[in-house]
Number of protein chains: 2
Amino acid sequence: MSNAPQIAEVAALVGDPARANMLIALLGGRALTATELSNAAGVSPQTTSGHLGKLSAARLVVLMKQGRHRYYRLAGPQVAQMLESIMSVALDGPQRYQPKTRVDEQMRHARTCYDHFAGQLGVGVADAMIARDFVVLGVEAGEVTTAGMEFLARLGVDLSGAQAKRRVFCRPCLDWTERRPHIGGTVGAAFAQRCFDLKWIERIRDSRAITITPSGRRGLMEALSLSI
Amino acid sequence: MSNAPQIAEVAALVGDPARANMLIALLGGRALTATELSNAAGVSPQTTSGHLGKLSAARLVVLMKQGRHRYYRLAGPQVAQMLESIMSVALDGPQRYQPKTRVDEQMRHARTCYDHFAGQLGVGVADAMIARDFVVLGVEAGEVTTAGMEFLARLGVDLSGAQAKRRVFCRPCLDWTERRPHIGGTVGAAFAQRCFDLKWIERIRDSRAITITPSGRRGLMEALSLSI
DNA sequence: CCGACGCTTCGACCGCGGCCGAAGTAAATC
DNA sequence: GATTTACTTCGGCCGCGGTCGAAGCGTCGG
């Protein structure tokens, strides 16, 4: 029967280490140039170009030309979610070799996961919000309580677009360093965006890792009694 | 950085057409023998054996010996969800060849998707429940209303296990034949189970497709005014 | 105990696809 | 225009991994 070939095609694209590296680099949410992706993947520019051609053709990534640079980004949240779900399965298995996968302390500490927070920061925020009954996280879905909505509104998190759409939009996302869920979905993205806007959080150059600014530290402490 | 190798490893496993066929066959939710999977994949038994060995080693499938048969099934819902998310991306892309993918009418009509309903039946049920405000489906999550809980209870759907866990457990799952969401997650699974128990639905041999029995037809009509 | 069946292991074949060097195009800088 | 930078295309090398035939191993039925 069916559409197995198509699935296999997509999976095979992700199944090459070089391409997987590129896609994971793009999970940071930003658009990256071919050269940056070349470094991320650890292969030559020519090889990278070939890979990017295939990823584009399959619409896993999209291209934005800008001067002599070519910026690639993930084609959309669906692709990000696919990568996350694969990650989730990959980390479940029996100790796959993860030798000195000693990920940077920075990364463990705080990073973005496509469009929301992960790492100790992400899990910490999730824990704090759960403890306050601002959100309820199930296995497959999450929900924001009325108190949670008020809290987010007070913080200035913009949920207008999401609200219009329907009121459930909070997805638990398994954190691969902490091995515990953090808050993804529309709510996670909006919360992260607000933190960037408030300058509570800043991106670290060339990395998915992020830093918490002093004002961010204060803000998170006041809002959620969170000290990281 | 990171865990790209592990992701690539899992994705590469799914990235082979023969293995993809097997995994999709297993999406039916039942355990299948090596020979059945061999037929599904269209390769020789030896080849199949090799593939199954790899899939087992990576814990994408698990083995149950029974007499001289060896039954394989998906290792869990996480694997199923991964496959679904890949499917979702695969069907998004630009017209990938889907030449005479004329899936069986049976399949289009009604089938299982790991542990819940899909096809016209699945989408029909979802539509009817949404129309009655029994569930609210968002992009990434879903919610059962109070009225919906009463409806399910009246139908005898057992949600006790899920209830204990936390109250959100309804996941929209994109249907690849109808291209519209149906109800997955704990609720979808429990609903499907109840329908099997009531003998409203029966499995078709060697297929994910299912048939609706006469009593099922009556029951669905009474419960949801659904005529399929 | 023998044959049939279900499945796995071994070995050899071979083709697909990732890889890089070299050369080509296009945009920015001088 | 000439040079540098960013990226792609081409061509050839090479190895990984999917494939099947043949043989081995356990289980069931008579």
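First the proteins, then the strands, lettered A, B, ... as listed; each starts at 1. These numbers were taken from a predicted model, which means no experiment stands behind them.
Listed pair Lys54(A) / dG18(C) meets the phosphate criterion, a side-chain N or O lying under 4.0 Å from OP1 or OP2. Dashed line: the shortest gap from a side-chain N or O of Arg70(B) to OP1 or OP2 of dG6(C) is not under 4.0 Å.
Atom CD1 of Ile201(B) and atom CD1 of Ile212(B) lie 5.0 Å apart (nearest 0.5 Å). Atom-to-atom distance recorded for Tyr71(B):OH and Glu36(B):CD is 6.5 Å, nearest 0.5 angstrom.
A donor-acceptor pair shorter than 3.5 Å cannot be found between the side chains of Gln81(A) and Ser85(B). If you check the side chains of Thr211(A) and Glu202(A), you find no donor sitting under 3.5 Å from an acceptor.
Of the residues in residues 44-52 of chain B, those with a non-hydrogen atom less than 4.0 angstrom from any atom of DNA chain D are Ser44(B), Gln46(B), Thr47(B), His51(B).
Two residues, Gly42(A) and Gln66(A), neighbour DNA chain C, and the one matched to the more 5' nucleotide by heavy-atom proximity is Gly42(A).
The only option from Leu13(B), Leu26(B), Leu37(B) that meets the side chain to side chain contact (heavy atoms under 4.5 Å, CB included) definition with Val61(B) turns out to be Leu26(B).
For the pair Lys65(B) NZ and dC28(D) P, the interatomic distance rounds to 12 Å; values are reported in whole Å.
Closest contact between the side chain of Arg68(A) and the listed nucleotides dT5(D), dT8(C), dT8(D) involves dT5(D).
At a threshold of 4.0 angstrom between heavy atoms, the contacts of Tyr72(A) are confined to the sugar-phosphate backbone, with no base atom among them.
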